[in-house]
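These notes are about the structure you will find just below.
This is a predicted model, so every value here is computed, not measured. All heavy atoms count here, side chains included; hydrogens, waters and symmetry mates do not.
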Protein chains: 2
Amino acid sequence: MRSMRPLVHPSIEDITVEGILHALSDPVRAAIYAELAISSGATCSNFLKISDRDIPKSTLSQHFRALREAGLIRSERHGVEMRNCTRCEEINQRFPGLVMTIMKAHQIQAAERLPATKRKPAAKKKTGGA
Amino acid sequence: MRSMRPLVHPSIEDITVEGILHALSDPVRAAIYAELAISSGATCSNFLKISDRDIPKSTLSQHFRALREAGLIRSERHGVEMRNCTRCEEINQRFPGLVMTIMKAHQIQAAERLPATKRKPAAKKKTGGA
DNA sequence: TCTATAGTTCATAAGTTACGAACTACAGGA
DNA sequence: TCCTGTAGTTCGTAACTTATGAACTATAGA
């Protein structure tokens with residue numbers, strides 16, 4: 001009988017920059033992380049569809065594991081489901097601005113891919129033009 | 001007769017966050033990039049030894065290619081050698097702070113690995129205080 | 001031309017990732 | 001208690017990626 005290995009959450013000092021970059025270099029994982037940063041507590045199956053793409057649940061489960069073992073998220077079982085939240089405050093203490101800047105860059109890139117008409121009007125800059 | 005494919009330098013709008021993160025998630029590539037950020041113009045064979053590790057030149061060549069094709073560096077042949085420099089200003093325009101913050105995080109991590117006596121005393125902060 | 005140096009390409013072995021099938025874990029009935 | 005449904009994990013394996021030695025290209029200088 002196979003048993004279920006316990007969830008691994010590295011302690012803050014065992015989190016590495018390489019690990020964080022690698023985890024967030026995958027677009028599916030970056031999308032999951034971005035969503036969790038907004039809606040803490042989301043579960044694995046909340047992500048069976050990501051940006052019009054179906055992701056098999058075994059794949060999703062591995063992505064959550066990758067994020068968890070890179071130290072980016074914390075997962076907790078609640079009954080039959082798994083609630084996830086980011087560890088952004090801890091990580092930000094150790095690597096100031098790192099995760100935030102990465103997610104911001106992902107946002108910039110996503111905005112560029114949208115046709116201009118679908119983009120949210122950019123927040124007005126102080127130096128806003130004519 | 002095999003020919004030598006031309007160097008590929010993506011234009012700034014084809015550079016992706018995923019690509020940057022993936023390229024810099026490798027410790028050898030991050031070390032190369034860090035060094036290039038200081039000593040622009042370094043060549044491939046300047047890196048045959050990195051942090052006490054010997055890297056075969058074919059491997060190094062692939063790492064330079066990965067950095068180049070991710071858009072992080074620009075390589076130019078000068079006679080028999082290849083001079084490399086970062087594209088940090090361009091990238092910083094498009095993804096503000098991204099590369100700098102990543103390199104800073106790598107530095108923080110490297111400093112932690114050194115025994116305290118070997119660490120450079122941290123630069124004094126403006127708000128540095130008792 | 002020949003020789004030396006710098007770097008690239010190719011073949012392939014080693015490592016990593018994606019995903020379906022089968023499983024564990026838990027909750028809520030009957 | 002057992003049964004059923006839902007959530008997520010593990011395993012096997014196919015597909016992909018990466019590292020490296022050997023053989024190559026490209027260039028400089030004698």
- Task: Take atom CG of A/Leu7 and atom P of D/dA7, then tell me their distance rounded to the nearest Å.
- Result: 18 Å
- When the distance from CE of A/Met82 to P of D/dT10 is rounded to whole Å, what number comes out? 9 Å
- Task: Return the value, rounded to whole Å, for the distance between atom NZ of B/Lys57 and atom C1' of C/dT5.
- Result: 8 Å
- Message: Taking 4.0 Å as the cut-off, does a side-chain nitrogen or oxygen of B/His22 come that near to OP1 or OP2 on D/dT18?
- Response: yes
- Item | Polar pair under 3.5 Å, donor/acceptor by atom type, side chain B/Ser61, base C/dG7 | no
- Message: Side chains of B/His9 and B/Arg74 only: does a donor on one sit below 3.5 Å from an acceptor on the other?
- Response: no
- Message: Rounded to whole Å, how long is the line connecting atom CZ of A/Arg83 with atom C1' of C/dA25?
- Response: 16 Å
- Approximate separation, where rounding is to 0.5 Å, of A/Leu21 CG and A/Glu18 CD: 7.5 Å
- Mind calculating the distance between NE2 (B/His63) and P (D/dA19) to the nearest angstrom? 5 Å
- Assess whether atom CD of A/Glu89 is packed by more than 12 heavy atoms of other residues, nucleotides or ligands within 6.0 Å. no
- B/Arg68 side chain reached by B/Val8 side chain, heavy atoms, under 4.5 Å: no
- Message: Measure CD1/B/Ile55 against C1'/C/dT8 and give the value in whole Å, please.
- Response: 17 Å
- Want to settle it: does B/Thr59 or A/Asp26 sit nearer the 5' end of DNA chain C, counting the closest nucleotide to each? B/Thr59
- Classify the nucleic acid contact of A/Ser58 as base, sugar-phosphate or nothing, counting any heavy atom under 4.0 Å across all strands shown. base
- Between D/dT9, C/dA6, C/dT9, which nucleotide has the shortest distance from any of its atoms to the side chain of B/Ser45? C/dA6
- Checking A/Gln93, A/Arg94, A/Arg87 against A/Glu90 for side chain to side chain donor-acceptor pair (under 3.5 Å), the one that qualifies is A/Arg87
- With the side chain of B/Gln62 defined as its heavy atoms from C-beta on, choose the nearest nucleotide among C/dC10, C/dG7, D/dG8. C/dC10
- Note on the structure: Ranking C/dT9, D/dT9, D/dA7 by distance to the side chain of B/Arg5, first place goes to C/dT9
- Query: Once you round it to whole Å, what is the distance between P of D/dA7 and CZ of A/Arg77?
  - Reply: 12 Å
- Nearest-neighbour nucleotide for the B/Val80 side chain, C/dG20, D/dG8, C/dT5 considered: C/dT5
- Task: From the options D/dT9, C/dG20, D/dG21, select the nucleotide whose nearest atom is closest to the side chain of A/Pro56.
- Result: C/dG20
- Item | Distance, rounded to the nearest Å, where B/Leu48 contributes CG and D/dA19 contributes P | 16 Å
